[in-house]
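Here's the structure, in structure tokens; my notes come after.
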Amino acid sequence: MTAKAVTHLNFRGDAREALTFYQAAFGGDMMLVTYEDAGNVQQPAEAEQVMFGQVSTADGLCVMAYDVPSDLPWDQGENAFFVSVRGESAEEITAYWEKLTDGATVLRPLGAAQWAPLYGMLRDRFGVTWVLDVVSEYTA
């Protein structure tokens, strides 16, 4: 058996837009199930919101998301988590970076760091903080 940790993002009505944006940035396949699709509509105004959504790529990147129903508490929080995307080449990471910066606040520009040949941090237009870097061998 193999277990895999997947980042699950919680939104309040923005999950579809966020997943569409992430699919445009990373490629891959998107799957969406609305509350109506699942027969689980609690509030008619939320019927088309995402009950389960996911973007996954052939190389293993996966991000899940859903819209927290209005009857449940939700707070976007601040720095509660980062989504880390690690690639093997500067070209790959730079391509993702350029797409994710659309509407984002750059927290650390993409550039060389002591621990990676390329590293950057941004908060996207949905409030999610992304850390992107090129994988390198760690030496203490």
Side-chain angles (χ1 to χ4, degrees):
M1 178 194 272
T2 301
K4 179 173 120 178
V6 176
T7 301
H8 190 287
L9 306 173
N10 302 330
F11 295 95
R12 181 77 87 190
D14 293 329
R16 179 187 308 266
E17 183 182 357
L19 287 168
T20 299
F21 178 71
Y22 301 144
Q23 183 186 33
F26 297 110
D29 298 315
M30 181 169 58
M31 196 253 302
L32 293 175
V33 175
T34 66
Y35 286 96
E36 184 173 46
D37 294 337
N40 192 19
V41 176
Q42 304 299 315
Q43 298 291 328
E46 298 172 356
E48 292 303 313
Q49 289 186 359
V50 176
M51 184 174 146
F52 174 83
Q54 175 176 287
V55 169
S56 58
T57 67
D59 60 356
L61 186 136
C62 186
V63 176
M64 296 169 56
Y66 95 118
D67 288 309
V68 178
S70 60
D71 62 333
L72 296 176
W74 178 81
D75 183 344
Q76 187 176 23
E78 190 169 329
N79 294 327
F81 64 90
F82 297 151
V83 180
S84 177
V85 176
R86 309 191 81 202
E88 295 185 13
S89 74
E91 294 78 20
E92 176 185 26
I93 291 302
T94 300
Y96 293 150
W97 179 266
E98 288 173 356
K99 293 173 185 171
L100 286 172
T101 56
D102 180 18
T105 300
V106 174
L107 303 173
R108 178 178 170 140
L110 192 62
Q114 290 178 315
W115 60 90
L118 198 59
Y119 171 86
M121 180 185 287
L122 62 85
R123 184 171 298 118
D124 73 20
R125 63 186 183 210
F126 302 101
V128 176
T129 300
W130 293 80
V131 177
L132 287 82
D133 69 341
V134 174
V135 175
S136 62
E137 188 174 317
Y138 176 77
T139 54

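Nothing fancy with the numbering, it's 1 onward along the sequence.
Taking each heavy atom of Val41 and Glu36 in turn, the nearest pair found is CG2-CA, 3.5 Å. Closest heavy-atom contact between Val50 and Ala65: CG1-O, 3.7 Å. Closest of all the heavy-atom pairs between Phe21 and Lys99 is CZ-O, 3.5 Å. Nearest heavy-atom pair, Trp97 versus Gly120, reported as atom, atom and distance to 0.1 Å: CZ3-C, 3.4 Å. Across all their heavy atoms, Pro117 and Val134 have their closest contact at CD-O, 3.7 Å.
The backbone N or O of Pro69 lies less than 3.5 Å from a partner atom in the side chain of Arg12, making a donor-acceptor pair. A distance-only check finds a donor-acceptor pair linking the side chain of Glu92 to the backbone of Glu88 [under 3.5 Å]. A donor-acceptor pair under 3.5 Å is absent between the side-chain atoms of Gln23 and the main chain of Gln54, judged by distance alone. Put simply, the side chain of Arg16 never gets that close to the backbone of Leu32: no donor and acceptor are under 3.5 Å apart. Side chain of Asp67 to backbone of Ala15: a donor-acceptor contact under 3.5 angstrom is found.
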message: What verdict does the side-chain contact (heavy atoms from CB on, under 4.5 Å) test give for Trp130 and Leu132, after you've listed the backbone C-alpha separation in whole Å, the side-chain angles of each residue and the deciding distance to 0.1 Å?
response: CA-CA 6 Å; Trp130 293 80; Leu132 287 82; 3.8 Å; yes

- prompt: Could you go step by step and tell me if Leu118 and Thr94 meet the side-chain contact (heavy atoms from CB on, under 4.5 Å) rule?
  reply: CA-CA 9 Å; Leu118 198 59; Thr94 300; 3.6 Å; yes

task: Could you give me the CA-CA distance, side-chain angles and deciding distance for Leu9 and Phe126, then say whether side-chain contact (heavy atoms from CB on, under 4.5 Å) is met?
output: CA-CA 10 Å; Leu9 306 173; Phe126 302 101; over 6 Å; no

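Between the side chains of Tyr22 and Asp124, at least one donor-acceptor pair of N or O atoms lies under 3.5 Å. Side-chain N/O atoms of Thr34 and Gln49 include no donor and acceptor closer than 3.5 Å.
Side-chain contact between Thr105 and Leu122 is absent, with no heavy atoms from C-beta onward closer than 4.5 Å. Between Asn10 and Tyr66, some side-chain heavy-atom pair lies under the 4.5 Å cut-off. In this structure, Thr129 and Val83 have side chains that are not in contact, with every pair of non-hydrogen atoms separated by 4.5 Å or more. Within the 4.5 Å cutoff, the side chain of Phe26 has heavy atoms near those of the Tyr96 side chain. Using a 4.5 Å heavy-atom threshold, the side chains of Gln42 and Tyr35 count as separate. By the 4.5 Å heavy-atom criterion applied to side chains, Met51 and Asp37 are not counted as neighbours. Between Gln43 and Ser70 the shortest side-chain heavy-atom distance falls below 4.5 Å. For the pair Ile93/Leu110, a side-chain contact is recorded, criterion being any heavy-atom separation below 4.5 Å from C-beta on.
Here the CE atom belonging to Met64 is positioned 10.0 Å from the OG1 atom belonging to Thr7, to the nearest 0.5 angstrom. Atom CZ of Arg123 and atom CE of Met121 lie 9.0 Å apart (nearest 0.5 Å).
The existence of a salt bridge linking Arg125 and Asp102 is confirmed by a sub-4.0 Å separation between a basic side-chain nitrogen and an acidic carboxylate oxygen.
Hydrophobic clustering of Ile, Leu, Val, Met, Phe, Trp and Tyr side chains at less than 4.5 Å, counting indirect connections, unites Phe82 with Tyr119. A continuous path of Ile, Leu, Val, Met, Phe, Trp and Tyr side chains, each step under 4.5 Å between heavy atoms, connects Trp74 with Leu72, placing both in one hydrophobic cluster. Taken together through direct or relayed side-chain contacts under 4.5 Å among Ile, Leu, Val, Met, Phe, Trp and Tyr, Phe11 and Phe81 form part of one hydrophobic cluster.
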